[in-house]
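Residue numbers count from 1 along this sequence.
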Amino acid sequence: MTWPVLLAHWQAIENDLQDRGIDLADGCLDTRSWRWLTVRIAGLLDADTRLARALDP
């Protein structure tokens with residue numbers, strides 16, 4: 001999986017993270033590391049999420 005493919009589904013990523021209590025609009029990306037976001041996006045791929053369904057229908 002490449003970042004361009006993942007980021008093409010940014011809306012699904014935002015919605016899935018919001019469902020898990022992570023609101024990207026609150027500025028958390030300004031204070032968190034790239035690794036922090038990467039780990040959470042990888043977790044979305046391992047769960048029943050919009051992102052996982054979009055990438056593996």
Q: Tell me whether Gln11 at atom CD has more than 12 heavy atoms from other residues, nucleotides or ligands lying less than 6.0 Å away.
A: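 Result for CD/Gln11: open.
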Q: Between CZ of Arg53 and CG of Leu45, what distance do you get to the nearest 0.5 Å?
A: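 Reported to 0.5 Å precision, the distance equals 12.5 Å.
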Q: Of the non-hydrogen atoms in Asp48 and Arg20, which two are nearest, and what is the gap between them?
A: O-NH2, 4.3 Å
Q: At what distance, to the nearest 0.5 angstrom, does CE of Met1 lie from CG of Asp56?
A: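 Answer for the CE-CG pair, Met1 versus Asp56, is 8.0 Å.
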Q: Just so I know, are the side chains of Gln18 and Leu24 near enough to count as touching, which here means a heavy-atom distance under 4.5 Å?
A: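 They are not in contact (no side-chain heavy atoms under 4.5 Å apart), so the answer is no.
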Q: Quick test of your reading: applying ring-ring contact (aromatic ring centres under 6.0 Å, His included), list the pairs with at least one residue in residues 10-54, sequence neighbours left out, ordered by first then second residue.
A: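 Passing the test, one end in residues 10-54: Trp3-Trp34.
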Q: Got a sec, which residues hit side chain to side chain donor-acceptor pair (under 3.5 Å) with Asn15, two or more places apart in sequence or on another chain?
A: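 For Asn15 there are no side chain to side chain donor-acceptor pair (under 3.5 Å) partners, ignoring immediate neighbours.
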Q: Should Arg50 and Asp19 be marked as a side-chain contact (heavy atoms from CB on, under 4.5 Å) after you check the CA-CA gap, both sets of side-chain angles, and the distance that decides it?
A: CA-CA 10 Å; Arg50 294 171 188 88; Asp19 287 349; 2.7 Å; yes
Q: Which value, rounded to the nearest 0.5 Å, describes the distance between Asp16 atom CG and Ile22 atom CD1?
A: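 Output value for this atom pair is 10.5 Å.
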Q: Taking the side chain as every heavy atom from C-beta outward, state whether Leu6 and Thr2 have any pair of such atoms under 4.5 Å apart.
A: no
Q: Which residue in the set Thr38, Val39, Leu37 passes side chain to side chain contact (heavy atoms under 4.5 Å, CB included) when paired with Ile41?
A: Leu37
Q: Specify the closest pair of heavy atoms between Ala47 and Ala52, including all atoms of both residues, with the distance to one decimal.
A: O-CB, 3.2 Å
Q: Just so I know, are the side chains of Glu14 and Asp23 near enough to count as touching, which here means a heavy-atom distance under 4.5 Å?
A: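 In short, these two side chains do not touch, never coming nearer than 4.5 Å.
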